[in-house]
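A note on names: the letters A, B, ... follow the listed sequences, proteins ahead of strands, and every chain is numbered from 1.
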Protein chains: 2
Amino acid sequence: MSHDQSFLADCRARLAFDLLANTWNSVVLWALKDGPCRPGALRGRIGGISPKVLTETLRRLECGGLVDRRAYGGSPPRVEYGLTALGRTLLAPIDAFGAWAFEHGDEVMAARERYAGEGGDPPPP
Amino acid sequence: MSHDQSFLADCRARLAFDLLANTWNSVVLWALKDGPCRPGALRGRIGGISPKVLTETLRRLECGGLVDRRAYGGSPPRVEYGLTALGRTLLAPIDAFGAWAFEHGDEVMAARERYAGEGGDPPPP
DNA sequence: CAGAATCCTTTACGATACTG
DNA sequence: CAGTATCGTAAAGGATTCTG
């Protein structure tokens with residue numbers, strides 16, 4: 001890789017981190033990787049996300065050009081969300097984390113238990 | 001990649017996302033990539049982080065086994081934080097995002113401006 | 001200088017109810 | 001069913017002060 005120390009000052013770097021710095025952005029992007037999807041089905045794929053927060057998250061991603069929204073009029077309304085080309089470019093980096101979690105997730109959980117056991121009584125969130 | 005749809009249900013996956021789902025974890029990890037560092041210097045490398053939040057973040061990462069803390073007694077106290085072996089394994093995935101930001105960050109910012117201009121007046125955070 | 005303690009503000013998130 | 005509106009809570013982040 002090729003970033004120098006000013007990396008953290010670069011606003012694009014901050015933008016990338018900020019994109020992930022919330023509970024749902026990456027999860028929703030990930031849930032869309034298998035193709036466009038209606039909001040209801042999305043909630044099923046994800047689990048534990050309220051309709052309101054899902055809508056907010058999708059708007060945020062749409063605003064950033066990562067997700068696009070297609071509305072087919074009618075009643076009941078039918079809407080589908082899918083990744084844009086730009087959004088798809090984020091899948092590989094996200095997947096790198098997924099792979100990391102499968103390899104090292106246990107170590108993190110073990111470290112936390114060790115920390116809790118060693119008298120690090122107030123284990124920070 | 002090799003994750004099936006149950007990926008999102010796997011608690012290790014959630015753990016990985018949660019590690020990034022806050023403003024500072026990834027930034028601090030990244031700032032430590034060039035070697036161990038004292039808190040004061042870390043704040044300089046990062047910029048915009050308060051001492052309190054830096055300490056909290058370091059504790060959190062230490063608890064997860066990603067960072068270790070070495071205290072050399074004395075007065076004034078001298079402390080250094082550095083990545084553990086486990087922490088270093090996270091650098092590659094984080095860097096994937098950094099690289100992504102350099103390639104596509106402009107597109108996201110452009111999309112946001114477009115969105116704001118098109119009457120998407122309330123541009124969500 | 002490290003960092004704990006305190007106080008305060010903001011906001012992310014959740015639950016619920018309502019509209020088209 | 002999609003989406004908005006409203007309310008409430010919990011937590012994150014910031015500023016400040018104080019200590020060893």
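- The side chain of A:W24 has C:dG14 as its nearest neighbour among D:dG13, C:dA4, C:dG14.
- For A:V53, whose side chain is taken as the heavy atoms from C-beta onward, the closest listed nucleotide among C:dC13, D:dG13, D:dG3 is C:dC13.
- Here the nucleotide nearest the side chain of A:T55, chosen from D:dC1, D:dG3, C:dA4, is D:dG3.
- Helix-axis bend for the helix from C:dC1-D:dG20 to C:dG20-D:dC1: the local axis fitted to the five terminal pairs at one end deviates from that at the other end by 30°, rounded to 10°.
- Rounded to whole Å, atom P of C:dA2 lies 9 Å from atom CZ of B:R78.
- Backbone-only contact: A:G48 has heavy atoms under 4.0 Å from sugar-phosphate atoms and none from a base.
- Here the side chain of A:V79 is nearest to one of C:dG20, D:dG3, C:dC13, namely D:dG3.
- At whole-Å resolution of the value, CD in A:E56 and C1' in D:dA2 are 15 Å apart.
- When each of C:dC13, D:dA2, D:dG13 is scored by its nearest atom to the side-chain atoms of B:N22, the top-ranked nucleotide is D:dG13.
- Residue contacts for B:S75: at a heavy-atom cut-off of 4.0 Å it reaches no nucleic acid atom on any strand shown.
- For B:K52 and C:dG3, a side-chain-to-base donor-acceptor distance below 3.5 Å is absent, hydrogens and geometry of angles not being considered.
- In this structure the side chain of A:F17 never reaches within 4.5 angstrom of the side chain of B:L20, judged on heavy atoms.
- Using a 4.0 Å heavy-atom cutoff across all strands shown, A:R38 reaches sugar-phosphate atoms only and no base atom.
- B:Y72 comes within contact range of no nucleotide atom at all, as no heavy-atom separation falls under 4.0 Å.
- Applying the side-chain hydrogen bond (donor to acceptor under 3.5 Å, both in side chains) test to pairs two or more places apart or on separate chains, those with a residue in residues 66-80 of chain A are A:R69-A:Y81, A:R78-A:E80.
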Review item, side-chain donor-acceptor pairs of residues 103-111 of chain B, under 3.5 Å, at least two apart:
{"from": "B:H104", "atom 1": "ND1", "to": "B:E107", "atom 2": "OE2", "distance (Å)": "2.8"}

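- The nearest heavy atom of DNA chain C to A:P51 and to A:P77 marks one nucleotide each, and the one closer to the 5' end goes with A:P51.
- Counting heavy atoms from C-beta on, the side chains of A:L83 and A:L91 come closer than 4.5 Å.
- The interatomic distance linking B:L58 (CG) with C:dG3 (P) rounds to 8 Å, in whole Å.
- A straight line from OH of B:Y81 to C1' of C:dA2 spans 8 Å, rounded to a whole angstrom.
- Here the side chain of A:R60 is nearest to one of C:dC1, C:dC13, D:dG3, namely C:dC13.
- Here B:L42 contributes atom CG and B:T57 contributes atom OG1; the two are 10.5 Å apart, rounded to the nearest 0.5 Å.
- Protein atom CD of A:E62 is 13 Å distant from nucleotide atom C1' of D:dG3, rounded to whole Å.
- Test A:L19, A:L61, A:N25, A:D95 against A:L90 for side-chain contact (heavy atoms from CB on, under 4.5 Å) and you get one pass: A:L19.
- Between B:D18 atom CG and C:dA12 atom P the separation is 16 Å, expressed in whole Å.
- For C:dC1, neither phosphate oxygen OP1 nor OP2 lies less than 4.0 angstrom from any side-chain nitrogen or oxygen of B:R43.
- In this structure, CZ of A:R59 is placed 18 Å from C1' of C:dC13, rounded to the nearest angstrom.
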field: Pair A:R59-A:E62, salt bridge (Lys or Arg N to Asp or Glu O under 4.0 Å): steps then yes or no
entry: CA-CA 5 Å; A:R59 282 281 170 288; A:E62 190 193 354; 3.6 Å; yes
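- In this structure, B:I49 places its CD1 atom 14 Å from C1' of D:dA15, rounding to the nearest Å.
- A 4.5 Å side-chain heavy-atom check between B:R112 and A:L15 finds at least one atom pair inside the cut-off.
- B:P39 comes within contact range of the sugar-phosphate backbone alone, with a heavy-atom separation under 4.0 Å but no base atom that close.
- Using a 4.0 Å heavy-atom criterion, one finds that B:R69 contacts the sugar-phosphate atoms exclusively.
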